[in-house]
Amino acid sequence: MKYDFNEIEAKWQKFWAENQTFKAENNSDKPKYYVLDMFPYPSGAGLHVGHPLGYIASDIYARFKRHQGFNVLHPQGYDSFGLPAEQYAIQTGQHPAITTETNIKRYREQLDKIGFSFDWSREVRTSDPAYYKWTQWIFIQLFNSWYNEDTDKSEDISTLTTRFENEGNKTVNASCDADTPEFTAEEWKAFSSEEQQRILLKYRLTYLAETEVNWCPALGTVLANDEIVNGVSERGGHPVIRKKMTQWSMRITAFSERLLQGLETIDWPEPLKESQRNWIGKSVGASVKFKIDGHDEWIEVFTTRPDTIFGASFMTLAPEHDFVAKITTAEQKEEVEAYVEATAKRSERERMADVKTISGAFTGAYAIHPFSGKKVPIWIGDYVLASYGTGAVMAVPCGDQRDYDFAKHYNIEIPNIFDGVDISEEAFADKENTRIGNSDFLNGLGYKEAVKKAIEELEKIGQGKGKVNYRLRDAVFSRQRYWGEPFPVYYVNGLPQMIDAAHLPLELPEVEKYLPTETGEPPLGNAELWAWDSENNRVVANEKIDHKTVFPLELNTMPGWAGSSYYFNRYMDAANKDEIFSEEAIDYWKQVDLYIGGSEHATGHLLYARFWQKFLFDKGIVPVDEFAKKLINQGMILGTSAIVYRISGTNKYVSKNLKDDYEVEELRVDVNMVNASDEIKIEDLKNWQPQFSDAEFILEDGKYIVGREIEKMSKRWFNVVNPDDICEDYGADTLRLYEMFLGPLEQAKPWNTAGITGVFSFLKKLWKLYHNGDGFNVSDAEPSKDSLKTLHKTIKKVTEDIDNFSFNTSVSSFMIAVNELTAQKCNSRAILEPLAIVISPYAPHIAEELWQKLGHTTSVAYAPFPVFEKKHLVESNKEYPVSFNGKMRFKIELPLDFGKEEVEKAVLADERTQNQLQGREPKKVIVVHGRIVNIVG
RNA sequence: GCUCGAGUGGCGGAAUUGGUAGACGCGCUGGAUUCAAAAUCCAGUUCUUUCGGGAGUGUGGGUUCGAUUCCCACCUCGAGUACCA
């Protein structure tokens with residue numbers, strides 16, 4: 001009987017869908033387990049064979065957990081807001097919602113063909129108003145919250161206003177904007193309502209602020225750093241300038257320390273955690289205030305080396321620093337202004353790329369050293385970044401290489417404050433071996449003591465204190481796009497007001513064009529129905545705006561990461577119309593137990609999602625403050641491109657191993673035409689593209705052999721392999737097994753369809769094991785000892801492999817098991833029934849079919865996983881490998897109950913031992929019981 | 001530059017607490033079956049060899065009876081990050 005995978009797979013996919021086999025219940029006596037994939041952006045290109053890798057792994061895990069008796073939540077959805085649909089809309093006028101719907105359909109078909117055990121009843125789409133209602137809702141919660149650094153928690157904004165009324169803000173320890181003014185309770189009460197609102201914005205967890213952005217006038221939009229290449233836009237090559245814009249931001253910096261500490265509590269890959277740590281960028285040091293000579297102003301700097309304060313011989317401000325204009329003297333004005341203008345023209349990336357060139361300008365002003373009272377010149381230089389610390393540094397040229405280079409370049413004094421160190425060539429930055437000298441009260445101290453002492457002294461004179469600084473910046477949350485979540489915000493006298501949560505969702509309006517308006521406003525500026533009637537709580541036409549009851553709505557939309565920052569929680573109760581999720585659901589599922597996805601989201605999605613989770617935790621909305629206990633990064637699947645060699649200037653193509661005799665150009669051709677021996681059929685090539693139809697070919701051994709190159713899977717390299725095609729030709733079970741068989745989950749590895757025949761013939765052999773000629777053939781005969789041994793070593797191995805996420809080695813052990821059972825001519829139910837369950841997480845369709853044929857009427861998906869029994873693996877003999885000086889030379893079979901002496905005696909008595917020794921006396925014989933014998937001599 | 005990861009046959013890879021290096025699969029070689037091909041099955045396949053053996057996991061050292069595995073130095077490749085005070 002033939003293994004008809006197409007029929008079998010269609011049958012079971014239908015069965016699972018009709019019976020809702022994988023629907024998870026929100027209340028169950030079973031222990032819960034939540035397996036999550038990073039949901040895809042449904043692109044127009046569809047899935048290639050690399051996309052489902054992580055999904056297959058998580059599906060195997062989810063199925064395994066079901067066999068182990070867990071109530072498994074394994075949902076899937078779509079991150080369906082995004083740029084490509086919008087770009088397509090701009091080009092064609094097609095509404096992004098339509099494109100998105102089409103793409104989702106295609107994705108769903110492709111996913112269904114692979115046989116995933118998703119609970120589709122919980123599907124979410126970030127672009128669905130029923131979903132983004134809750135994205136908007138969370139935004140409102142953030143707006144209505146502030147961060148109390150005393151309790152280290154987000155709190156409702158009302159607790160802040162109460163404190164302002166009672167004590168002003170001097171005593172309030174909060175995360176807030178740097179330019180927040182101080183006020184007393186009386187002053188607060190005297191402020192107008194508008195003034196109060198303006199101040200509260202400086203405290204809210206999402207707030208409006210002037211942010212410097214990369215503005216591309218030609219595209220009418222803000223670009224991310226990686227959308228800019230060499231100072232011009234990647235798309236179209238238009239100039240990009242730095243521009244200040246009022247944008248929504250998220251006060252993620254309030255959570256810096258918790259985001260850092262939380263990493264210790266979660267089981268995520270170390271490299272991923274490391275990149276989050278770097279991104280957060282904690283440094284411990286001190287903030288120091290320098291008085292500016294002749295001004296009332298103080299310059300505040302952050303330093304990690306307060307111990308070197310006596311080495312500070314100048315200050316450097318970022319060119320953008322607020323003080324620059326104020327303190328620059330008349331003589332220096334021209335030079336400074338020219339320098340500031342020159343730096344403003346350069347993009348941040350340009351500035352960062354050009355590290356070698358030293359540039360700066362002297363402001364003519366001086367700061368007073370807090371201890372020595374000496375006047376130190378104040379410079380500006382673009383090596384100081386406005387966005388880090390205070391945008392100012394105390395320059396210690398003897399201890400910091402950049403300060404050193406700057407000082408050398410401009411002939412600034414380089415005082416040496418290190419005992420016994422030569423600084424004539426370079427700065428000395430070795431903390432371990434630091435011994436401070438020439439520094440008044442710090443003389444003779446090492447790094448640690450000197451830091452402590454310096455901070456103490458700074459505090460005494462009120463000019464500094466210990467401080468922790470983070471590199472992490474608040475996250476800009478506005479996008480000048482159409483296809484994203486609208487902000488639930490309208491403006492009264494320029495001040496943002498939240499739409500009441502009861503009136504959400506605020507749905508995206510229709511627009512004529514998806515481009516920015518002529519006046520440079522975001523695409524929503526094109527909408528005609530985009531005003532808020534605050535009396536009737538609904539969207540009305542723009543012409544009704546009277547600024548009394550009808551107000552303009554926000555024109556920006558939210559970024560891609562908004563919808564993905566909490567979707568894992570929404571899955572728990574995805575259809576809930578009244579709440580983001582029920583308390584019952586979140587208390588049961590709590591958090592994701594296993595999250596699988598790409599490492600490219602390390603510092604984007606995965607950091608923002610942790611931030612929102614901590615916020616929701618503070619608000620009591622979720623019960624745990626980390627959303628995913630364990631995370632695994634799947635590696636990228638690369639393509640194996642096929643290359644043909646055209647002889648230069650001709651239409652002749654030469655086979656790979658003959659190409660060195662000619663001058664050739666490499667051309668990539670469709671990999672799907674190449675067979676396992678790297679041979680391509682000339683006919684296929686001729687039919688593939690017209691340029692080959694009348695080409696000539698120089699063959700080797702009558703074949704055309706292509707060259708191969710491993711590179712990213714991409715249409716332009718013609719190396720994309722489609723999972724549908726694989727399912728069509730070999731079946732989903734083969735695809736699933738082969739994806740796993742390729743190598744370790746976390747590693748990048750090349751795809752080559754050639755190797756797939758190995759797992760395909762394995763499945764055919766597995767099928768044969770249960771069949772005899774035309775019929776199903778499983779007997780109730782007692783299994784042989786060997787078969788039991790094969791089964792149980794497979795159970796053991798596969799269980800361990802799944803626990804270790806080592807799915808590739810499981811596939812090998814299935815192959816070994818089937819090879820052995822075939823050789824043993826095993827057709828015993830006692831073996832073949834458990835075997836079907838063991839294989840079912842990997843190859844669920846064939847397992848279901850065999851399970852049914854074995855006489856079962858319910859899905860194999862919930863059959864208990866076979867339990868490993870040690871007794872079947874117990875041996876009485878061991879084939880000892882005998883090594884000489886660590887090299888294995890021969891094997892000898894001995895009873896396992898032989899003791900060390902008996903083993904040694906038996907080995908030494910063997911003639912092969914004497915052969916090896918050739919008359920030498922063995923110096924030492926090591927016997928490791930049950931493992932190995934090693935003879936030294 | 002810094003951080004992290006990885007180097008094993010022609011290829012993907014295995015060896016999970018230091019104990020038989022190359023499991024499993026692809027490809028390749030030979031054979032069976034076939035008019036032939038596909039499919040299937042069997043045998044072989046790290047290199048080298050005077051057929052006794054010898055060498056061998058990026059390179060060089062070290063620890064050990066024994067190292068792909070642990071330590072030190074270096075080389076190569078990949079990923080992330082970048083004037084972070």
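Chain letters run A, B, ... following the sequence lines, proteins first and then strands; every chain starts at 1. Nothing here was measured: the structure is a model prediction, and the numbers come from that model.
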With a 3.5 Å limit on both atom pairs, tell me what B:rA43 is paired to, counting Watson-Crick and G-U wobble, or say none. B:rU29
Of the listed B:rU81, B:rC26, B:rU20, the closest approach to the A:Ala676 side chain comes from B:rC26
In this structure, how many angstroms lie between the P atom of B:rU17 and the CZ atom of A:Arg931, rounded? 10 Å
Considering only the C1' atoms, how many Å lie between B:rG60 and B:rC51, rounded to the nearest integer? 33 Å
Scan A:Glu270 against the nucleic acid and name what it touches under 4.0 Å (heavy atoms): base, sugar-phosphate only, or nothing. nothing
What nucleotide, of B:rC24, B:rU40, B:rU3, holds the atom closest to the side chain of A:Ser812? B:rC24
Please find the pair of heavy atoms, one from A:Gly930 and one from A:Tyr880, that lie closest to each other, and give the distance. N-OH, 2.9 Å
OP1 or OP2 of B:rC83 sitting under 4.0 Å from any side-chain N/O of A:Gln401? no
If you check every side-chain atom of A:Asn808, which of B:rU81, B:rA14, B:rA23 has the closest atom? B:rA14
Between B:rU16, B:rU40, B:rU20, spot the one nearest the side chain of A:Ser806, thanks. B:rU16
What is the base-pairing partner of B:rU34, counting Watson-Crick and G-U wobble geometry with both distances under 3.5 Å? none
What does A:Leu742 touch in the nucleic acid at a heavy-atom separation under 4.0 angstrom: a base, only the sugar-phosphate, or nothing? sugar-phosphate
Remember a base hit wins even if backbone is also touched, and classify A:Lys797 as base, sugar-phosphate or nothing at under 4.0 Å, heavy atoms. base
Side chain to side chain, A:Leu607 and A:Arg610, heavy atoms closer than 4.5 Å: yes
Regarding A:Asn469, tell me which of base, sugar-phosphate or nothing describes its non-hydrogen contacts under 4.0 Å with the strands shown. nothing
When you compare B:rC26 with B:rA39, how far apart are their P atoms, in angstrom units rounded to a whole number? 12 Å
Mind checking if A:Val936 touches a base, just sugar-phosphate, or nothing, with heavy atoms under 4.0 Å? sugar-phosphate
With a 4.0 Å cut-off on heavy atoms, is A:Asp801 in touch with a base, just the backbone sugar-phosphate, or nothing at all? base
Check whether any side-chain heavy atom of A:Phe406 lies under 4.5 Å from a side-chain heavy atom of A:Trp379, and answer yes or no. yes
Is a side-chain N or O of A:Thr640 found less than 3.5 angstrom from the main chain of A:Trp751, in a donor-acceptor match? yes
A:Met394 and A:Ile309: which non-hydrogen atoms are nearest, and at how many Å? CE-CA, 3.6 Å
Please pick, from B:rA21, B:rU3, B:rA85, the nucleotide with the shortest atom-to-atom distance to any side-chain atom of A:Glu274. B:rU3
Is there a side-chain contact between A:Asn934 and the phosphate of B:rG19, meaning an N or O under 4.0 Å from OP1 or OP2? no
For a quick test of reading the model: is some side-chain N or O of A:Ser283 closer than 4.0 Å to OP1 or OP2 of B:rA85? yes
Suppose you measure atom C1' in B:rA15 against the same atom in B:rU68; what distance do you get, rounded to whole Å? 8 Å
Indicate, with a heavy-atom threshold strictly under 4.0 Å, whether A:Ser599 touches base, sugar-phosphate, or nothing. nothing
Taking atom types as they are modelled, would you say the side chain of A:Asn804 forms a donor-acceptor pair with the base of B:rU16 within the 3.5 Å cutoff? yes
What contact category does A:Lys891 fall into here, base, sugar-phosphate, or nothing, at under 4.0 angstrom with non-hydrogen atoms? base
Of all the nucleotides listed (B:rU81, B:rC4, B:rG19), which has the minimum atom distance to the side chain of A:Trp279? B:rU81
Strand partner of B:rA23, provided both Watson-Crick or wobble distances fall under 3.5 Å: none
If the C1' atom of B:rG53 is compared with that of B:rG5, how far apart are they to the nearest Å? 40 Å
So, is B:rG56 syn or anti if syn means the angle is within 90° of 0? anti
Find the partner of B:rU57: check Watson-Crick (N1-N3 plus N6-O4 or O6-N4) and G-U wobble (N1-O2, O6-N3) distances, both under 3.5 Å, and reply none if neither fits. none
Considering every strand shown, what is the Watson-Crick or G-U wobble mate of B:rG18 when both distances are under 3.5 Å? none
Using purine N1 to pyrimidine N3 plus N6-O4 or O6-N4 for Watson-Crick, or N1-O2 and O6-N3 for G-U wobble, both under 3.5 Å, which nucleotide pairs with B:rC51? none
Any A:Lys924 side-chain N or O less than 4.0 Å from OP1/OP2 of B:rC65: yes
If every non-hydrogen atom of A:Glu700 is compared with every non-hydrogen atom of A:Ser655, which pair is closest and at what distance? OE2-OG, 2.5 Å
Going by heavy atoms in the side chains, are A:His929 and A:Val927 under 4.5 Å from each other? no
Among the nucleotides B:rG12, B:rU40, B:rC83, whichever has the atom closest to the side chain of A:Leu385 is B:rC83
Just how far, in rounded Å, is P of B:rG54 from CG of A:Asn885? 11 Å
Given that A:Ser883 and A:Pro750 both sit by RNA chain B, which one's nearest nucleotide is further toward the 5' end? A:Pro750
Write down the distance separating the P atoms in B:rC47 and B:rA23, rounded off to the nearest Å. 13 Å
Any side-chain N or O of A:Arg889 under 4.0 Å from OP1/OP2 of B:rG66? no
Can you confirm whether or not the ring centre of A:Tyr410 sits under 6.0 Å from the ring centre of A:Phe314? no
Pairing partner of B:rU81, by Watson-Crick or G-U wobble and under 3.5 Å for both distances, is B:rG1
Pairwise P distance, B:rC2 and B:rG66 [rounded to whole Å]: 36 Å
Ignoring backbone atoms, establish whether A:Asn819 has a side-chain N or O less than 4.0 Å from OP1 or OP2 of B:rG25. yes
B:rU69 and B:rG19: how far apart are their P atoms, nearest whole angstrom? 11 Å
Nearest-angstrom distance from the residue atom CG of A:Leu472 to P of B:rU81: 14 Å
Spacing of A:Tyr404 atom OH relative to B:rA85 atom C1', expressed in whole Å: 18 Å
Here's a test of your reading of the structure: between A:Ser677 and A:Ile935, which maps to the more 5' nucleotide of RNA chain B? A:Ser677
Could you please name the partner base of B:rA6, counting Watson-Crick and G-U wobble pairs only when both distances are under 3.5 Å? B:rU76
Side-chain donor-acceptor pair present, A:Glu300, A:Thr390, cut-off under 3.5 Å: no
Within a strict 4.5 Å, meaning less than it, do heavy atoms of the A:Met636 and A:Glu600 side chains meet? no
Is there a side-chain contact between A:Lys887 and the phosphate of B:rG66, meaning an N or O under 4.0 Å from OP1 or OP2? no
Reckon A:Thr757 touches a base, only the sugar-phosphate, or nothing at all at heavy-atom distances under 4.0 Å? sugar-phosphate
Per the O4'-C1'-N9-C4 / O4'-C1'-N1-C2 angle with a 90° window around 0, B:rG13 comes out anti
